[in-house]
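These notes are about the structure you will find just below.
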Amino acid sequence: MDLPPLRDPAIVLRARAEGWREAVSLAGAALERAGCTGPGYTRRMIDVVEEFGAYIVIAPGLALAHARPGPDVLADGLSVVTLEGPVEFGHPHNDPVRVVVGLALRTPDSHVTGVAALANVFNDPGAVERLVRAATKDDVRAVMTVGPEASS
């Protein structure tokens, strides 16, 4: 599976966040602006961290904010938020976070395959740092593209 669409309104560069809730909220707001989710989805992403902890911090500097598919997911989508300053999520090894990727998928099957597609992007150990340094939305898209088209 390819990654879900990454629309312009879903890319936020050098945002300020006072804590992890605000960082997740920025990713959720970006998904909502892009037409992928309704307002309840952001709250559900925060609830996931409150219930299960900082497991969403999947690599050094990288959080994958998401929730289960539900009626507030209007379209499959992705958001990328780079943070001006690092944010602590409470993960013992991968804090602090400098990039939050928001993921919204409509079905359980697409959720599993979407997470796998993201894993392919972040198999590259330099991907997070390139996102942190991204100056444009096109720079972000270049990092988030895997496969033969990634070099174009």
Side-chain angles (χ1 to χ4, degrees), residues 1-6 10-34 36-37 40-70 72-73 76-147 150-151:
M1 171 188 185
D2 292 332
L3 286 173
L6 180 57
I11 301 172
V12 181
L13 301 176
R14 293 188 240 2
R16 290 179 184 231
E18 293 301 316
W20 70 262
R21 284 177 185 83
E22 191 174 349
V24 170
S25 293
L26 289 166
L31 286 167
E32 194 173 342
R33 267 193 316 278
C36 300
T37 62
Y41 191 74
T42 297
R43 179 69 241 174
R44 290 198 307 117
M45 290 193 304
I46 291 169
D47 290 346
V48 165
V49 180
E50 289 176 343
E51 183 175 352
F52 299 108
Y55 84 96
I56 70 163
V57 184
I58 59 171
L62 175 67
L64 174 58
H66 63 284
R68 292 180 187 269
D72 50 7
V73 178
D76 292 349
L78 196 61
S79 66
V80 175
V81 177
T82 65
L83 299 172
E84 186 173 288
V87 173
E88 298 285 332
F89 274 65
H91 193 280
H93 307 293
N94 294 331
D95 269 347
V97 168
R98 297 184 299 159
V99 176
V100 181
V101 173
L103 180 65
L105 296 163
R106 290 175 291 175
T107 68
D109 285 346
S110 64
H111 188 84
V112 170
T113 56
V115 170
L118 274 173
N120 287 335
V121 170
F122 294 105
N123 278 339
D124 174 352
V128 172
E129 188 58 37
R130 285 197 312 282
L131 287 173
V132 169
R133 290 192 323 259
T136 68
K137 293 178 180 191
D138 285 339
D139 291 344
V140 170
R141 278 195 192 81
V143 175
M144 299 302 292
T145 304
V146 294
S151 59

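Because the structure is a prediction, the values reported are computed rather than measured. Sequential numbering from 1 along the given sequence is applied to the chain's residues. Note that these values count all heavy atoms, side chains included, but never hydrogens, waters or copies made by symmetry.
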**OP:** Indicate the atoms forming the closest heavy-atom contact of Thr42 with Gly28, along with that distance.
**Re:** OG1-CA, 3.1 Å

Subject >> Member of Thr107, Val112, Leu105 meeting the side chain to side chain contact (heavy atoms under 4.5 Å, CB included) criterion with Asp109 >> reply: Thr107

Original post:
What pair of heavy atoms forms the shortest contact from Pro108 to Pro69, and how long is it?
Top reply: N-CG, 3.7 Å

Subject >> Heavy-atom side-chain proximity of Val48 to Val24 below 4.5 angstrom >> reply: no

Original post:
Say you draw a straight line from CG of Leu3 to CE of Met144; how long is it, rounded to the nearest 0.5 Å?
Top reply: 5.5 Å

Original post:
If every non-hydrogen atom of Tyr41 is compared with every non-hydrogen atom of Arg68, which pair is closest and at what distance?
Top reply: CE1-O, 4.0 Å

Subject >> Asn123 side, atom CG; Asn120 side, atom CG - distance, nearest 0.5 Å >> reply: 5.5 Å

Original post:
Can you list every side chain to side chain donor-acceptor pair (under 3.5 Å) pair that touches residues 48-60, not counting sequence neighbours?
Top reply: Arg21-Glu50, Arg43-Glu50, Tyr55-His66

N/O donor-acceptor pairs under 3.5 Å from side chains in residues 95-102, not counting sequence neighbours:
unit_1 : atom_1 : unit_2 : atom_2 : d
Asp95  : OD1    : Phe89  : N      : 3.0
Asp95  : OD2    : Phe89  : N      : 3.0
Asp95  : OD2    : Gly90  : N      : 2.6
Asp95  : OD2    : His91  : N      : 2.9
Arg98  : NH1    : Glu129 : OE1    : 3.4
Arg98  : NH2    : Glu129 : OE1    : 2.6

Original post:
Out of curiosity, Thr82 OG1 to Leu26 CG, how far, rounded to the nearest 0.5 Å?
Top reply: 10.0 Å

Original post:
Is there a donor-acceptor contact under 3.5 Å from the side chain of Asp76 to the main chain of Arg106?
Top reply: yes

Subject >> Worked verdict on Val143 versus Arg133 for side chain to side chain contact (heavy atoms under 4.5 Å, CB included) >> reply: CA-CA 11 Å; Val143 175; Arg133 290 192 323 259; over 6 Å; no

Original post:
At their closest point, which heavy atom of Ser25 faces which heavy atom of Ile46, and how far apart are they?
Top reply: OG-CD1, 3.4 Å

Original post:
Passes side chain to side chain contact (heavy atoms under 4.5 Å, CB included), Leu118 versus Val115? Steps please.
Top reply: CA-CA 5 Å; Leu118 274 173; Val115 170; 5.6 Å; no

Subject >> Atom of Leu31, atom of Ala104 and distance for their closest heavy-atom approach >> reply: CD1-CB, 4.1 Å

Would you be so kind as to tabulate the donor-acceptor pairs closer than 3.5 Å made by side chains of residues 10-20, with sequence neighbours excluded?
unit_1 : atom_1 : unit_2 : atom_2 : d
Arg14  : NH1    : Ala134 : O      : 3.2
Arg16  : NE     : Glu84  : OE2    : 3.2
Arg16  : NH2    : Glu84  : OE2    : 3.1

**OP:** Flag the pair Glu22 / Val87 as yes when at least one side-chain heavy-atom distance between them is below 4.5 Å, and no otherwise.
**Re:** no

Subject >> Minimum heavy-atom distance between Ser79 and Leu6, given as atom pair plus value >> reply: CA-CD1, 4.0 Å

Original post:
Between Asp138 and Arg141, is the closest basic N to carboxylate O distance under 4.0 Å?
Top reply: yes

Original post:
Nearest 0.5 Å, what's the CD1-CZ distance between Ile58 and Phe122?
Top reply: 6.5 Å

